[in-house]
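These figures come from a predicted structure and were not determined experimentally.
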Amino acid sequence: MISEKKEIKNRKQVATLVRSFYAKVRLHADLGPIFNGIVEDWEEHLERLTDFWEMILLQTGPGTGKFSPVPVHKEVDRRVNHQLEEQHFLSWLGLWFETVEQNFEGEAAAYAKVHAQRMAHILFFRIIESRKIAK
């Protein structure tokens, strides 16, 4: 049975996107070991990411002013011995796009992909930049 795609209009739909996506990430051959090795409380992590994406996609929720993704991702890179590579970000984006496209349509879904692409680009280059500075 093919489920009908919906527009992202509320927190419940954002949570569905986030949870569906991270279920795939946790099983991914390259991303799973990183995320499963870093995230200690998946329920807390998923709620926090739902806050983030609700803020980004709907401009609502408790996320305003709560997030600073660059330092968090630099710390992840440090904890995995500076082994994050462009392919990790490309895999993350591929899974994100796949999850969005399987479940959602409309303006917020399109923006979810655009924002994720921008964010992945910025995070990757800030991580590489910080490695150069640290040397």
What's the shortest heavy-atom distance between Glu54 and Val14, and which atoms? N-CG1, 3.6 Å

Please list, chain by chain and in numerical order, all residues satisfying salt bridge (charged side-chain N to carboxylate O under 4.0 Å, His left out) with Lys113, sequence neighbours excluded. Glu101

Heavy-atom distance under 4.5 Å between the side chains of Gln13 and Lys6, does that happen here? yes

For Phe21 and Trp96, work out which heavy atoms get closest and say how close. CE1-N, 3.2 Å

Between Lys132 and Glu129, does a salt bridge (Lys or Arg N to Asp or Glu O under 4.0 Å) hold up when you go through it step by step? CA-CA 5 Å; Lys132 290 177 182 176; Glu129 179 182 69; over 6 Å; no

Once you round to the nearest 0.5 Å, how far does OG1 of Thr50 lie from CG of Leu57? 10.5 Å

Locate the shortest heavy-atom distance separating Lys24 from Glu98; write the atom from each residue and the value. NZ-OE2, 2.9 Å

Decide whether Val72 and Tyr22 are clustered together by the hydrophobic rule: side chain heavy atoms of Ile, Leu, Val, Met, Phe, Trp, Tyr closer than 4.5 Å, transitively. no

Using side-chain contact (heavy atoms from CB on, under 4.5 Å), reason through Leu84 and Ile34 one step at a time and then give a plain yes or no. CA-CA 9 Å; Leu84 289 183; Ile34 294 169; 3.7 Å; yes

Within the 4.5 Å heavy-atom criterion, are His28 and Phe35 side-chain neighbours or not? no

Which heavy atom of Arg11 sits nearest a heavy atom of Pro62, and at what distance? NH1-CD, 4.1 Å

Apply the test side-chain contact (heavy atoms from CB on, under 4.5 Å) to residues Asp77 and His73: give CA-CA distance (whole Å), side-chain angles for both, the deciding distance (0.1 Å), then the verdict. CA-CA 6 Å; Asp77 185 56; His73 288 82; over 6 Å; no

How close do Ser130 and Lys74 get, heavy atom to heavy atom, and via which atoms? CB-CE, 3.7 Å

Would a hydrophobic clustering, with Ile, Leu, Val, Met, Phe, Trp and Tyr connected at side-chain separations under 4.5 Å, put Ile128 with Leu90? no

Phe124/Trp92 aromatic ring centres below 6.0 Å: no

Check whether any side-chain N or O of Ser20 sits under 3.5 Å from a backbone N or O of Leu17 as a donor-acceptor pair, and report yes or no. no

Between CZ on residue Phe125 and CD1 on residue Ile122, distance to nearest 0.5 Å: 10.5 Å

Any non-hydrogen side-chain atom of Val100 less than 4.5 Å from a side-chain atom of Tyr111? no

Please test Asn103 against Lys5 for side-chain contact (heavy atoms from CB on, under 4.5 Å), starting from the C-alpha separation and ending with a verdict. CA-CA 5 Å; Asn103 298 288; Lys5 293 181 186 182; over 6 Å; no

Is the backbone N or O of Glu85 less than 3.5 Å from a side-chain atom of His88, with the two atoms forming a donor-acceptor pair by type? yes

For a side-chain contact (heavy atoms from CB on, under 4.5 Å) check, start with the C-alpha distance between Phe104 and Glu7, then their side-chain angles and the critical distance, and finish with the verdict. CA-CA 5 Å; Phe104 298 101; Glu7 291 193 37; over 6 Å; no

Are Phe67 and Leu58 connected in a single hydrophobic cluster, I mean Ile/Leu/Val/Met/Phe/Trp/Tyr linked by side-chain heavy atoms less than 4.5 Å apart? yes

Are Leu31 and Leu27 in one and the same hydrophobic cluster, where Ile, Leu, Val, Met, Phe, Trp and Tyr link if side-chain heavy atoms are under 4.5 Å apart? no

Between CH2 on residue Trp42 and CG on residue Leu46, distance to nearest 0.5 Å: 6.0 Å

Measure from the side-chain N and O atoms of Asn81 to the backbone N and O of Gln83, and report whether any donor-acceptor pair falls under 3.5 Å. no

Does Pro71 reach the side chain of Glu75, with side-chain heavy atoms less than 4.5 Å apart? no

N/O donor-acceptor pair under 3.5 Å between His121 side chain and Gln117 backbone: no

Looking only at heavy atoms, the pair that brings Ile8 and Ala108 closest together is O-CB, 3.6 Å

Glu107 atom CD, over 12 foreign heavy atoms within 6.0 Å: no

Between Arg19 and Glu47, does a salt bridge (Lys or Arg N to Asp or Glu O under 4.0 Å) hold up when you go through it step by step? CA-CA 9 Å; Arg19 288 174 181 277; Glu47 281 300 312; 3.2 Å; yes

